[in-house]
*Asks:* 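Following this message is one structure expressed as structure tokens.
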Amino acid sequence: MKHRILIIEDEPSMRLGMSHFLSSSGYNVSTCKDGAEGRSSIEKDRFDLIITDLKLPHFDGLTLLKHIRTVSPDSGAIIMTAYADIKTAVQAIKEGAFDYIAKPFSNEELLVAIERFFKFHSIEMELIRLKESIREKKSFESLIGLSPAMKDIFDRIASVAGTDVPVLIQGESGTGKELVANAIHKLSHRNDRPFIKINCAAIPEDLFESELFGHEKGAFTGAKETRKGKFEFADSGTIFFDEISDIPLSLQPKLLRVLEDNIITKLGGNTSIKVDVRSIFAASKNLKDCIAAGTFREELFYRINVVPVVLPSLRERKEDIPELIDHFLAHFKDKYKRPDLAVSQPAYNALLSYNYPGNVRELKHAIERAVILSKDGIIDIKHLPDEVSKSSNIATCIKDALSLEESIRCLERQSIMRALNESEGRKTDAAKSLGISRKVLWKKIKEYGIE
Ligand SMILES: Nc1ncnc2c1ncn2[C@@H]1O[C@H](COP(=O)(O)OP(=O)(O)OP(=O)(O)O)[C@@H](O)[C@H]1O
Ligand SMILES: [Mg+2]
């Protein structure tokens, strides 16, 4: 599409000349002969760029510029000015003009100024687009939850983020410990500094010390180069110890010392290096149990447990499930380009009633899987993992109001429907999976009025 340019210039030959030249250079050009005309044009039409003289009948260019900023803030402006008027031109730039060109100017100079503007403009647009997509990503990474338990967590995060105290995040697997660690870092004054993660469960014991503190060349066989450790990489930022319960017992006193005085020594070296790091720890095992079992040192526990954050399991805050479903569904619909996908009522009920031993991660994976498996615009119960879909049958059939016999009939009906669903209506297969004969299946289908 052609860029739209408006020229406001009172001198006819100049106006015409510019208009011809810019049209032949591929722009869509309109012209006005004075400030009043310029003003009404700007109000009526949208222009990508407005090139205006500074000295105009009715309105001068500066007044017009102010007007452009209010009615059409997205349009760019270039001011044309006589040499004597450079001061006003500078004033115009302060008012938001992109540039000025001094009269007299050649076509070449005019074109350079215009192209410079459009280049700048496209970079600016790209930046806005990128920022937008980062913001979207960020909000996806951010924590979802309206339950009182999650509100307490948010309050806790907000109150520790600005400090440098150690934080210990505990919670079952999949409850969002890493997300919380990330959030604390992002909300802290260290957010433009490194966030370095160490998964203590993934590092072999004999490499641990070197991973944390680095090593000098020749410190051990294979140490061909001097290397920095995670603490040095994290300097001025945040260090996150995931699965801290798995840190080797032998290394725990060393870590404790570093946490106390912020001084590290490289393996095989003897110079002390001062580091400035904020530490966050996460554990899915109960650290008190680890202390009792002798695998975790009590002193270290007290050192890291200055501010505890204990994440509730998802089954303890089921009221958050609807929001999490919406959130993940929106994300995966976008990721897999399935904008029209909807969730059937039975599938939704199943997602609501399941107990999620794997917490939020399990819910997230269930939804991703369902988005991938569903073919016809609907996520149905058959697209959910077995354990989730089973939970719905049980939940809807075991209610206080139902007698034992009613509950059993309800479950029987649901099981038959599920088997028929899975066999896509083939009764022989359904009967086989239910462990009954075709004849019995027929009888039950009639009895329960199943279509
Ligand atoms: N409150 C939440 N809002 C949105 N997404 C969440 C929430 N909690 C967890 N998740 C998502 O669930 C997944 C698991 O979260 P995370 O890795 O932080 O859990 P974890 O507690 O560190 O688990 P593990 O102990 O297994 O390492 C991630 O994909 C994360 O984005
Ligand atoms: Mg984790």
Side-chain angles (χ1 to χ4, degrees), residues 134-158 160-161 166-188 195-203 230 238-247 279-290 295-296 304-305 307-336 351-352 354-372 384-385 388:
I134 289 171
R135 184 161 335 122
E136 266 169 38
K137 264 229 173 74
K138 271 203 179 137
S139 76
F140 175 66
E141 279 161 11
S142 68
L143 290 152
I144 299 290
L146 298 169
S147 59
M150 281 312 281
K151 278 192 70 187
D152 285 349
I153 299 286
F154 294 142
D155 289 347
R156 182 64 62 95
I157 291 173
V160 297
V167 178
L168 173 61
I169 308 162
Q170 291 177 273
E172 289 178 16
S173 181
T175 46
K177 296 184 292 296
E178 187 162 350
L179 225 48
V180 169
N182 265 305
I184 293 174
H185 174 72
K186 277 184 196 145
L187 289 170
S188 77
F195 178 81
I196 302 289
K197 177 184 158 174
I198 300 161
N199 184 349
C200 301
I203 302 171
K230 299 273 191 187
T238 304
I239 194 163
F240 171 46
F241 290 86
D242 205 359
E243 304 296 355
I244 184 66
S245 59
D246 289 23
I247 184 171
S279 359
I280 302 178
F281 306 85
S284 49
K285 288 187 196 142
N286 184 326
L287 288 181
K288 287 254 165 82
D289 291 348
C290 298
T295 58
F296 204 80
I304 67 178
N305 193 33
V307 179
V309 175
V310 181
L311 287 174
S313 68
L314 188 53
R315 64 193 165 280
E316 290 169 271
R317 49 182 185 105
K318 282 199 150 177
E319 63 266 48
D320 284 339
I321 295 177
E323 203 198 353
L324 284 162
I325 294 176
D326 286 352
H327 174 73
F328 292 132
L329 196 59
H331 174 75
F332 291 118
K333 271 158 68 167
D334 186 54
K335 177 171 175 190
Y336 295 106
L351 286 166
L352 287 187
Y354 182 55
N355 249 340
Y356 300 100
N359 294 296
V360 183
R361 181 184 289 116
E362 190 178 9
L363 171 59
K364 184 177 172 182
H365 288 171
I367 291 178
E368 179 165 24
R369 180 190 124 116
V371 169
I372 294 170
L384 298 176
V388 179

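Predicted model only: the values in this text are computed from it and were never measured. Residues take their numbers from the sequence shown, with the count starting at 1. In each ligand, atom 1 is the first atom listed, and ligand 1 is the first ligand listed.
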*Asks:* Side chain or backbone, does L179 bring an N or O within less than 3.5 Å of an N or O on ligand 1?
*Replies:* yes
*Asks:* So is there a nitrogen or oxygen of L143 less than 3.5 Å from a nitrogen or oxygen in ligand 1?
*Replies:* no
*Asks:* Please report the interatomic distance CD(E172) to CG(L314), rounded to the nearest 0.5 Å.
*Replies:*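 E172 CD to L314 CG: 10.0 Å, rounded to 0.5 Å.
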*Asks:* Between atom CD of E243 and atom NZ of K177, what is the distance when rounded to the nearest 0.5 Å?
*Replies:*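 Interatomic distance, E243 CD to K177 NZ, rounded to 0.5 Å: 6.0 Å.
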*Asks:* Suppose the criterion is side chain to side chain donor-acceptor pair (under 3.5 Å): which pairs have a residue in residues 145-154, not counting sequence neighbours?
*Replies:*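 Listed once each, the pairs are S147-D320.
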*Asks:* Closest approach of Q170 and L287, non-hydrogen atoms and distance?
*Replies:*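 It is NE2-N, 3.9 Å.
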*Asks:* Ligand 1 and S173, any nitrogen or oxygen pair closer than 3.5 angstrom?
*Replies:* yes
*Asks:* Does ligand 1 have any atom that is closer than 4.0 Å to a heavy atom of G174?
*Replies:*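 Yes.
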*Asks:* Less than 3.5 Å between some nitrogen or oxygen of L324 and one of ligand 1, yes or no?
*Replies:*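 Not met; the criterion fails.
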*Asks:* Shortest non-hydrogen contact from I184 to A161?
*Replies:* O-CB, 3.9 Å
*Asks:* Which one of E323, R361, E178 has a non-hydrogen atom at the shortest distance from atom 27 (O) of ligand 1?
*Replies:* R361
*Asks:* Heavy atom under 4.0 Å from ligand 1: found in D320's side chain, backbone, both, or neither?
*Replies:* neither
*Asks:* Which atoms from ligand 1 have a heavy atom of E243 less than 4.0 Å away?
*Replies:*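 Heavy-atom distances to E243 below 4.0 Å select 25 (O).
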*Asks:* State, yes or no, whether a side-chain contact exists between Y356 and L351 at a heavy-atom distance under 4.5 Å.
*Replies:*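 The answer is yes, as the side chains (C-beta and beyond) meet within the 4.5 Å cut-off.
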*Asks:* So, do K186 and F195 sit near enough that their side-chain heavy atoms are less than 4.5 Å apart?
*Replies:* no
*Asks:* Please report whether ligand 1 has a polar contact with V360, defined as an N or O pair separated by less than 3.5 Å (distance criterion only).
*Replies:*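 So ligand 1 has no N or O lying under 3.5 Å from an N or O of V360.
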*Asks:* Checking P357 now: which residues fulfil side-chain contact (heavy atoms from CB on, under 4.5 Å) with it, not counting sequence neighbours?
*Replies:* Y354, E362
*Asks:* So which bit of F328 gets within less than 4.0 Å of ligand 1, heavy atoms only: side chain, backbone, both or neither?
*Replies:* side chain
*Asks:* Counting each atom of ligand 1 from 1 as listed, which ones have a heavy atom of K364 under 4.0 Å away?
*Replies:*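 Every atom of ligand 1 under 4.0 Å from some heavy atom of K364: 28 (C), 29 (O), 31 (O).
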